[in-house]
Protein chains: 2
Amino acid sequence: MNKKLPSQYEARARIIKAMAHPSRLFILEELYKGERSVGELAEMVGADQSTISKHLSILKTEGLVFDERQGTTILYHLKCPCILNFIGCIEEVLEIKTQEHVEMVSKCRVR
Amino acid sequence: MNKKLPSQYEARARIIKAMAHPSRLFILEELYKGERSVGELAEMVGADQSTISKHLSILKTEGLVFDERQGTTILYHLKCPCILNFIGCIEEVLEIKTQEHVEMVSKCRVR
DNA sequence: TATATATATGGCTATATTGCCATATAATCA
DNA sequence: TGATTATATGGCAATATAGCCATATATATA
């Protein structure tokens, strides 16, 4: 990768990368509402169970979620609800992108 | 990709993905401090100028930065400073990951 | 113990990303 | 205009990611 940058950036990027996927983003927001099983999430996302399992594995490895066995099903939980705080800003970036030609007031710099 | 998820997740993920790289994260934080030229950033990151130019192109395409020509050099600016607000939470996730075995108090759920 | 259910993992292919080199483009200045 | 400086882009090889299928593992229950 790169040797001049502090490893801190590498560590942060790994976590952000774990969030940088539509399905994983959906999963995180869903877990924000409450615990969900792998099957529930697979059903909601509309992907193969194994695919969701792997997504959850990535989120777990990066420390964003934790799991809890409940009999034969496994419930996943969000670890740090704060990670979704910035979704508001992401939305703002998106708004500006779509309305770039329009005059608007916002916390972002339009140009 | 996936057809069951609202396109909103796709859009958000694209922006987050743009942030999900050590060099681009560094660039964003650097631009948070103030405007920087491509050359300056390349020097700081320690990567080829063309590599940084492409990173900046990604950030620009996703609406995270904008550029301003100043004679022969081009200065890049951060568009939405708020996108760095959640770095604090990322740090918290990292802390928990490294101290998982230790008892600690935090906004995150340790388990 | 045998069966059923829920989840995880190995393996594979298709696709995307990264980073460098070479080169193109754009602006400045002699 | 020609040379110089700064940045962008095309192209390519190496690597990483995504998603599905088949199958393994773990738990519960008859």
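Computed over heavy atoms, backbone and side chain alike; hydrogens, waters and symmetry mates excluded. To find a chain, count down the sequence lines: A is the first, B the second, and so on, and within it residues start at 1. Since this is a predicted model, take the numbers as computed values, not measurements.
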What is the distance, to the nearest angstrom, from the [atom1] atom on [X] to the [atom2] atom on [N]?
X	N	atom1	atom2	answer
A:F26	D:dA18	CZ	P	17 Å
B:Q70	D:dA6	CD	P	14 Å
A:I27	C:dT7	CD1	C1'	14 Å
A:L59	C:dA8	CG	C1'	15 Å
A:D67	D:dA26	CG	P	14 Å
B:R14	C:dT17	CZ	P	10 Å
B:L25	C:dT18	CG	P	13 Å
A:E10	C:dT18	CD	C1'	13 Å

Heavy-atom contacts under 4.0 Å between residues 49-56 of chain B and DNA chain D, which residues?
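Under 4.0 Å from DNA chain D: B:Q49, B:S50, B:S53, B:K54.
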Of the candidate nucleotides [options], which contains the atom at the shortest distance from the side chain of [X]?
X	options	result
A:V38	C:dT28, C:dT7, C:dC20	C:dT7
A:T72	D:dT27, C:dT17, C:dA6	C:dA6
B:I74	D:dT5, D:dT7, C:dA8	D:dT7

Whether [X] contacts [N] is assessed here as follows: a side-chain N or O lying under 4.0 Å from the phosphate OP1 or OP2. Is that the case?
X	N	value
A:Y76	C:dA8	yes
A:R69	C:dA6	no
A:K17	D:dA16	no

Pick the nucleotide of DNA chain C nearest each of A:D48 and A:T73; which residue has the one closer to the 5' end?
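Final value for this comparison: A:T73.
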Using every non-hydrogen atom in the two residues, find where [X] and [Y] come nearest and quote the distance to one decimal.
X	Y	value
A:G63	A:K79	O-CD, 3.2 Å
B:V93	A:C80	CG2-SG, 3.7 Å
B:L31	B:V65	CD1-CG1, 3.7 Å

Any base atoms under 4.0 Å from B:S37, or only sugar-phosphate, or nothing? Heavy atoms, all strands.
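Here B:S37 touches the backbone only, sparing every base.
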For D:dA30, which nucleotide in any strand shown is its Watson-Crick or wobble partner with both distances under 3.5 Å?
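Pairing partner: C:dT1.
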Salt bridge B:K4-A:E43, side-chain N to carboxylate O under 4.0 Å:
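The answer is yes: the pair qualifies as a salt bridge.
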Looking at A:R12 and B:E29, does any basic side-chain N land under 4.0 Å from a carboxylate oxygen?
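Looking at B:E29 together with A:R12, the answer is yes, because their closest N to O distance falls below 4.0 Å.
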Can you tell me if A:S53 uses its side chain to pair, donor with acceptor, with the backbone of A:Q49 under 3.5 Å?
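No; zero donor-acceptor contacts below 3.5 Å.
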Parallel, tilted or perpendicular: which describes the rings of B:F26 and A:Y9, with under 30° parallel and over 60° perpendicular?
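If you compare the ring of B:F26 with that of A:Y9, the planes turn out perpendicular.
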